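Computed over heavy atoms, backbone and side chain alike; hydrogens, waters and symmetry mates excluded. Since we're looking at a predicted model, the values are computed, not measured.
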Amino acid sequence: GNSVTQMEGPVTLSEEAFLTINCTYTATGYPSLFWYVQYPGEGLQLLLKATKADDKGSNKGFEATYRKETTSFHLEKGSVQVSDSAVYFCALSDTGNNNAGNMLTFGGGTRLMVKP
Amino acid sequence: DSGVTQTPKHLITATGQRVTLRCSPRSGDLSVYWYQQSLDQGLQFLIQYYNGEERAKGNILERFSAQQFPDLHSELNLSSLELGDSALYFCASSTDHNTEAFFGQGTRLTVV
C-alpha cells in the first residue's frame, strides 16, 4: 500500500534560517505529491504540489522537487519567518489508480516553530 | 477561505450517542472526501463520494457512514460514539477525482 514518512518535529528555527523538512514515500502507482500546511485552529491548505518525476512545486518561497529515484519530496525554504510557524504535512495521491479515487495518504506532520 | 464549509465547528457529546457532521463543497465540485485527524492515528482518509455515489473507502469504522445528496452536500454520521472517536473531522472537495482537494476548517468532535 501507499505510505508517507516525514521527519518528526518539532523543528525550531530562528527567523531567516534555512528550512528543510524531509519526506519520503512508498507508492504502487504514479503518485502526485503535495505539501499541505495547517495553521493553528485552521484547516489544511495546499502549499505546493508536483505531479510527475523531476517536477518542482513552489509557493510563498517554499519549494519541493519530486525525486523518483530517491522516492522523496523534501520541503525547503531559504529564509523562514515567524508567520511560517505551522504544521506541515506531506501527502501523496495515487492518481494513476482510478479505483483509488483521489484519496490522499498523509505523513504524520511536522510542527515548525520559528522564533524571532 | 477554501470555499468548503463544515458545520458545526465544535461538537461535544456523550459516549453511545450519534452525531451528524455536515459539509458543503466548493461550488461546482463533485467529489467530497472525509478525513479524520487524531493524535494517535494522524490524518486518515475515511471515505469519498463522487456525484452522489461512493467512490473510495478508507479506514472507516462500521459505526460510521456517509452520504452525498443531490445538491452535492455531504453528511458523515457517527454512531455508538466512543471516547476514541474524539478527533478533528475534515471534509475536502475537488472538481473530480483527479484534481487537488480543498479542505474545510474541520469539525472538532469531543466525546465525553
Side-chain angles (χ1 to χ4, degrees), chain A residues 1-10 23 25 27-52 55 57 59 64 66 73 86-111, chain B residues 1-7 9-10 21 23-26 29-51 53-60 66 68 74 87-108:
Chain A
N2 297 336
S3 67
V4 176
T5 303
Q6 59 183 107
M7 59 190 291
E8 289 189 20
C23 170
Y25 67 90
T28 53
Y30 305 94
S32 292
L33 301 174
F34 305 85
W35 277 100
Y36 280 84
V37 58
Q38 185 177 29
Y39 297 101
E42 297 188 13
L44 294 163
Q45 299 176 26
L46 178 64
L47 182 58
L48 53 84
K49 68 176 183 179
T51 58
K52 61 183 188 296
D55 269 2
N59 185 27
Y66 189 143
F73 193 54
V87 181
Y88 292 81
F89 291 91
C90 184
L92 71 81
S93 171
D94 192 357
T95 56
N97 181 356
N98 284 329
N99 292 326
N102 195 29
M103 56 180 265
L104 291 163
T105 300
F106 286 92
T110 302
R111 181 176 299 278
Chain B
D1 183 3
S2 67
V4 179
T5 303
Q6 290 188 247
T7 56
K9 285 189 168 46
H10 303 276
L21 313 183
C23 169
S24 294
R26 292 188 318 156
D29 283 358
L30 300 179
S31 269
V32 170
Y33 312 79
W34 287 97
Y35 291 85
Q36 179 195 58
Q37 185 179 30
S38 62
L39 285 175
D40 54 344
Q41 299 287 337
L43 262 165
Q44 288 197 98
F45 168 74
L46 295 178
I47 197 163
Q48 178 200 0
Y49 277 81
Y50 177 76
N51 203 20
E53 296 190 1
E54 185 182 302
R55 187 76 172 82
K57 214 167 189 176
N59 296 325
I60 187 167
Q68 187 179 27
S74 178
L88 196 51
Y89 290 85
F90 285 110
C91 170
S93 74
S94 66
T95 305
D96 60 31
H97 60 275
N98 278 329
T99 58
E100 65 194 64
F102 293 83
F103 283 76
Q105 294 204 328
T107 294
R108 182 169 296 281

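- Summarising the geometry of B/Y33 relative to A/M103, their closest heavy-atom pair is CE2-N, 4.2 Å, with the distance given to 0.1 Å.
- Taking a 6.0 Å sphere around CD of B/E54, one finds it holds more than 12 heavy atoms contributed by other residues, nucleotides or ligands.
- Here B/K57 pairs with nothing under the salt bridge (Lys or Arg N to Asp or Glu O under 4.0 Å) rule; sequence neighbours left out.
- Looking at A/Q38, the atoms closer than 4.5 Å to chain B (heavy atoms on both sides) all sit in the side chain, from C-beta outward.
- By the ring pair (Phe, Tyr, Trp, His ring centres under 6.0 Å) test, B/Y35 is found to be paired with A/F106, B/F45, B/F103, residues two or more places apart in sequence or in another chain being considered.
- Of the two parts of B/Q44, neither the backbone nor the side chain holds a non-hydrogen atom closer than 4.5 Å to a non-hydrogen atom of chain A.
- Ranked by heavy-atom pairs under 4.5 Å with chain A, the first of B/A101, B/G106, B/S2, B/G42 is B/A101.
- For A/L104, the parts lying under 4.5 angstrom from a heavy atom of chain B are both the backbone and the side chain.
- No part of B/I47 comes within reach of chain A, as not one of its non-hydrogen atoms sits under 4.5 angstrom from that chain.
- Within a 6.0 Å radius of CZ in B/R108, no more than 12 heavy atoms belonging to other residues, nucleotides or ligands are found.
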